[in-house]
Number of protein chains: 2
Amino acid sequence: MSENPLPILTYSEENYLKAIFHLSEEGKKGVSTNDISTEMKTRPASVSDMLRKLGDKSVIEYRKYYGVHITEDGKKLALQTIRKHRLWEVFLVEKLNFSWDEVHEVADELEHIKSKILIQRLDEYLGFPKFDPHGDPIPDEYGDVRSRPRLPLSEIEISGTGQIVAVKDSSAAFLRYLDKVGAYIGARIKVIDKVEFDGSIEILVDNKKSIFMSKEVVNNILIMQ
Amino acid sequence: MSENPLPILTYSEENYLKAIFHLSEEGKKGVSTNDISTEMKTRPASVSDMLRKLGDKSVIEYRKYYGVHITEDGKKLALQTIRKHRLWEVFLVEKLNFSWDEVHEVADELEHIKSKILIQRLDEYLGFPKFDPHGDPIPDEYGDVRSRPRLPLSEIEISGTGQIVAVKDSSAAFLRYLDKVGAYIGARIKVIDKVEFDGSIEILVDNKKSIFMSKEVVNNILIMQ
DNA sequence: ACTATTTTTTAGTATAGCCTAAATTAATAT
DNA sequence: ATATTAATTTAGGCTATACTAAAAAATAGT
Ligand SMILES: [Mn+2]
Ligand SMILES: [Mn+2]
Ligand SMILES: [Mn+2]
Ligand SMILES: [Mn+2]
C-alpha cells in the first residue's frame, strides 16, 4: 500500500508544482512549457530545466515537447502546499484582520514553512476551516478536497439566482473592485440582464443593488445555485 | 537624518547577520570567522565568502584576518529579524500551544517572511509582548530593546534569592530538563548551597523543591534579583 | 506535402551558497 | 627572533536557479 516516501521539494520546486497543478485543473490536456512560463514569470528555458528536475523526482510525467502531467505523488505534494497557503490566508484574515486582497503574497511565502505540527495546530486553532477567504476549498491533511459544485456567473441564465461562493482571480485589483461594488463570498445574486454582444451582465446583489459587470468580471465570479 | 535605505538581505545573509549580532553581544571584541563557522554549522571558507558579501552591503565592517564588527545598519537589520523570531515564538506558544522547547526551529524559518504589515498586525494581535517564551526581550519596530537587568544564576551568593527571567540556551534538551525539575520563567529561587569544586549549586524553587544543578545548567539560567 | 511560424529544448553564462584543499597571515611558544 | 601552530583566506569545484541566444521539434497555413 504505502510506497516510497514523497520526495522533498525545494521552495522553488514547490512553486512550480503548485502552478502546474492549478494549470492542470483547467482542461485534461498536458500543461505547456509556455503556460508555466507565463504563470511563473520565468523564461521558457528555465521551465524546461525545472521540468526535468520535477520529472526526476517523479512528481510530474515529462515527455519532451509534449507538455507535462502531474503524478499522484505530485498531486499530493501540491495539495499540501495549497492546504498551507489557504490555511495561512484564513489566519491572516480571521486573526490578523487582513483584507482578502492583501493575503496572497504573504501566504505565498508562508506556504513553504516546513512543519507538520505547525499546520495541524494552525488548522485546529482556526477551527478546521473548509474554505479560504476567496471561497477556495482547503484540502485536508491527506489531500482530500470537499469542493462544492460551482459555475461561473456567466453561465447563469437571465432571472437565475445563486450565491457567490468563490472567485477565480485573487488579485488585489479584482478583489478591491468586488469590495467596491458590494460583492462578497456568500452574497446572493440574481441575473437581471445579459448582453450577448460583449458578455456583460446586470445583476442584483442581495436584492438591493443593481450592478453592471463586464465579461472579465463575470468569468471570475463563481456561483452555487 | 534618514540615510540610504537599509540593504535587502537574502535568507542566508539574515541568518549570518543574526549570528554575528548574537556573538557580538558577548564581549566587545570583533567576532571571529571560526566562531561564526561554529554557530552557523558551515565551514570557515564559506564564512569568509559571506563576510565579504555582508561587508559589501555595509552591514558589517570587515578587515581581513581581524574579525568583524557589526555596523549600525547591521544592528538594525539583525534586530528586525530577532524581533520577528521572538514574536513568532510568542505566537506559537500563546496561540498554537507549542511548548517552549518546540518553537525555535519553526521560528527560525518564520523570521524570514518579508512583510512589515504582517509583523505589525502579529505584534498587535499578541498584545505587544515585551518578552519571548525564553525570557528574551522583543525589540520594537525601531530596534529598541527594553532589556531587564539579569545575571547568571552562578553569580548569586548563598542564601541569595531572585526570579528566573530568561534562559541563555534555548535548546530543546535544556528546556525539557528545566520542565522536568520544575524551573520556568518567573519561578522564584533561593540559593541554598554552592560547591566550589565543580560549580554546581543547590537551589530552592518556589520555596518548595530543593534541586541540585550542575555548572552547565547554572550558567544558562538568568536571574533578576 | 512543404514551408513558415511557433514552441520547446539545448548550450553556454551568471550568481548564491556551500564544499575541500592549498596558500597565506596571525598568534604563540621557545 | 624565529619556528611552529592556529586561524583565515583563496582557489577551484559543485548544485540550484535564473538568464540569453541558438538549435531543434512540432504545428499551422497554403
Ligand atoms: Mn510560494
Ligand atoms: Mn486564496
Ligand atoms: Mn533563520
Ligand atoms: Mn527565544
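Atoms considered below: every heavy atom in the structure, side chains included; atoms not considered: hydrogens, waters and symmetry mates. Convention: sequence-line order gives letters A, B, ...; per-chain numbering from 1.
Using a 4.0 Å heavy-atom criterion, one finds that B/S48 contacts the bases of the nucleic acid, with or without backbone contacts as well.
Annotation: side-chain hydrogen bond (donor to acceptor under 3.5 Å, both in side chains) contacts involving residues 39-48 of chain B, sequence neighbours excluded, comprise B/Y16-B/T42. The list of salt bridge (Lys or Arg N to Asp or Glu O under 4.0 Å) pairs with a residue in residues 89-98 of chain A, not counting sequence neighbours, is empty. Sorted by first and then second residue, the salt bridge (Lys or Arg N to Asp or Glu O under 4.0 Å) pairs involving residues 134-146 of chain B (not counting sequence neighbours) are B/D136-B/R150. The ring pair (Phe, Tyr, Trp, His ring centres under 6.0 Å) pairs that include a residue from residues 51-85 of chain B are B/H85-B/H104, where partners are two or more places apart or lie in different chains.
With no hydrogens or angles considered, a side-chain donor-acceptor pair links A/S99 and A/D101 at under 3.5 Å. For A/D179 and A/W100, the side-chain atoms include at least one donor-acceptor pair closer than 3.5 Å.
Residue B/Y66 places at least one side-chain N or O closer than 4.0 Å to OP1 or OP2 of C/dA26.
Taking every heavy atom of both residues into account, B/V31 and B/I36 meet most closely at CG1-CG1, 3.6 Å.
Between the side chain of A/K84 and the main chain of A/I113, a donor-acceptor pair closer than 3.5 Å is present.
Applying the side-chain hydrogen bond (donor to acceptor under 3.5 Å, both in side chains) rule to B/H112 yields the partners B/E14, B/N15; only residues at least two apart in sequence or on another chain are considered. Here B/S24 pairs with nothing under the side-chain hydrogen bond (donor to acceptor under 3.5 Å, both in side chains) rule; sequence neighbours left out. Partners of B/E124 under the side-chain hydrogen bond (donor to acceptor under 3.5 Å, both in side chains) rule, at least two apart in sequence or in another chain, do not exist in this structure. Applying the side-chain hydrogen bond (donor to acceptor under 3.5 Å, both in side chains) criterion to A/S171, with sequence neighbours excluded, gives A/D169.
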Short N/O separations, protein against nucleotides 15-19 of chain C, under 3.5 angstrom:
unit_1, atom_1, unit_2, atom_2, d
C/dG17, OP1, B/T10, OG1, 2.4
C/dG17, OP2, B/K53, NZ, 2.9
C/dC18, OP2, B/S12, OG, 3.2
C/dC18, OP2, B/Y16, OH, 3.4
C/dC18, N4, B/D49, OD2, 3.4
C/dC19, OP2, B/R43, N, 2.9
C/dC19, OP2, B/S46, OG, 2.5

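Taking the C1' atoms of five terminal pairs at each end of the helix from C/dA1-D/dT30 to C/dT30-D/dA1, the two resulting helix axes are inclined by 0°, rounded to 10°.
Comment: A/E109 does not engage B/K114 in a salt bridge, judged by the lack of any side-chain N to carboxylate O separation of less than 4.0 angstrom.
We find that NZ of B/K29 is positioned 12 Å from C1' of C/dA27, with the value rounded to whole Å.
Near DNA chain C, meaning a heavy atom under 4.0 Å away, the residues from residues 54-64 of chain A are A/Y62, A/K64.
Close approach of DNA chain D to chain A, defined as any atom under 4.0 Å from a non-hydrogen atom of the protein, starts and stops at D/dA16 to D/dA26.
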